[in-house]
Amino acid sequence: MSSRKFFVGGNWKMNGSKGELDNLVNLLAKNSSETEVVVAPPFVFLDYLHNKKTNFGNNITNYIIFFIALSGQNCYKESKGAFTGEISPKMLKDVGADWVILGHSERRHVFGEKDDLIADKVAFALKEGLSVIFCIGEKIEERENNLTEKICFGQLGAIKDKIKDWSKIVVAYEPVWAIGTGKTATPEQAQEIHQALRKWLHDNISQDASNKTRILYGGSVTGANCKELAAKADIDGFLVGGASLKPEFANIVNSKN
Ligand code: PEP
């Protein structure tokens with residue numbers, strides 16, 4: 001049995017409204033205390049959820065969110081300045097986020113973020129006291145050309161020299177072809193690359209980082225496929241997009257039970 005605490009992140013992307021957030025949080029009433037749960041709402045709702053966490057009184061929604069950590073979906077590599085549209089790690093912390101998602105495939109492939117910028121952002125977020133969900137993953141043509149490991153190792157390698165402490169990083173392996181497509185990696189495909197990623201951590205960082213770093217799978221995880229994936233030795237949790245907006249998210253959170 002692994003000593004790594006099972007971790008489930010909900011990436012709500014650009015979805016929701018204050019009213020819908022209450023419903024989403026209520027879905028987590030059956031939350032397992034065995035699982036670390038982190039949700040990433042759009043930036044503008046972080047403060048709203050943070051207020052619920054700090055003033056939970058007798059309100060059940062507020063009580064539930066008390067046990068869930070908050071994450072930003074992105075942040076910049078500077079603390080302040082003339083960077084229109086960006087927000088800093090310090091601002092995320094100020095509105096109650098302890099985590100940030102960086103390197104997500106939509107940031108890489110829709111907004112054109114490159115390894116160097118992502119690595120600077122990861123290093124700065126850690127320096128400023130956030131924990132990081134660091135996403136990596138190959139595109140379909142890269143998988144078909146047997147480049148999956150090369151791409152993922154390259155994305156990890158980009159942060160290697162800028163990061164000293166891996167204890168605040170969770171790696172999310174998210175094959176781009178599986179994100180939002182309904183195509184999930186089979187448990188065997190996912191386990192194979194997770195095992196290779198763990199070996200990369202051993203060979204390039206340390207035995208300790210390899211033993212302790214949580215490696216999440218992301219890509220069309222649902223209530224129906226989560227248990228089989230969660231049973232694999234090197235899958236330590238999930239980063240969930242679409243299904244984190246639905247009641248089945250509670251099943252995913254509890255998939256290890
Ligand atoms: C994601 O955006 O990180 C993700 C995994 O999305 P989905 O679960 O919808 O594939």
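When a ligand or atom number is given, it counts from 1 through the structure's own listing order. For the single chain, residues carry numbers from 1 onward in sequence order. Basis for what follows: all heavy atoms, side chains included, without hydrogens, waters or symmetry-related copies.
To the nearest 0.5 Å, atoms OG (Ser3) and NZ (Lys212) are separated by 7.5 Å.
Side-chain rings of Phe7 and Trp99 approach one another, their centers coming within less than 6.0 Å.
Checked against a 3.5 angstrom limit, the closest N/O atoms of Gly241 and ligand 1 fall inside it. Residue Ile179 has no nitrogen or oxygen atom sitting less than 3.5 Å from a nitrogen or oxygen atom of ligand 1, judged on distance alone.
Scanning the protein heavy atoms around atom 1 (C) of ligand 1, the nearest turns out to be His104 NE2, 3.2 Å. Of all protein heavy atoms, the one lying nearest to atom 5 (C) of ligand 1 is Glu174 OE2, 3.0 Å. When only non-hydrogen protein atoms are considered, atom 2 (O) of ligand 1 lies nearest to Lys13 NZ, 2.6 Å.
Near Gly242, with a cut-off below 4.0 Å to any heavy atom, the atoms of ligand 1 are 7 (P), 8 (O), 9 (O). Taking every non-hydrogen atom of Gly180 and a distance limit under 4.0 Å, the qualifying atoms of ligand 1 come out as 7 (P), 9 (O), 10 (O). Residue-ligand proximity, Gly219 to ligand 1, at heavy-atom distances under 4.0 Å covers atoms 5 (C), 10 (O). Atoms of ligand 1 found under 4.0 Å from any heavy atom of Leu239 (numbered from 1 in listed order, with element): 3 (O), 5 (C).
Distances from ligand 1 to the non-hydrogen atoms of Ala243 include no value under 4.0 Å. By the 4.0 Å heavy-atom criterion, Ala178 is counted among the residues contacting ligand 1.
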Val95 vs Tyr48, side chain to side chain contact (heavy atoms under 4.5 Å, CB included): CA-CA, chis, key distance, verdict: CA-CA 9 Å; Val95 290; Tyr48 178 72; over 6 Å; no

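Between the side chains of Thr184 and Asn225, at least one donor N or O lies within less than 3.5 Å of an accepting N or O.
Exactly one of Tyr173, Phe6, Phe249 qualifies for a ring-ring contact (aromatic ring centres under 6.0 Å, His included) with Phe238. That residue is Phe6.
Proximity of Asn11 to ligand 1, defined as any heavy-atom pair under 4.0 Å, is confined to the side chain (atoms from C-beta onward).
In summary, Asp115 and Arg108 engage in a salt bridge, as defined by a charged side-chain N under 4.0 Å from a carboxylate O.
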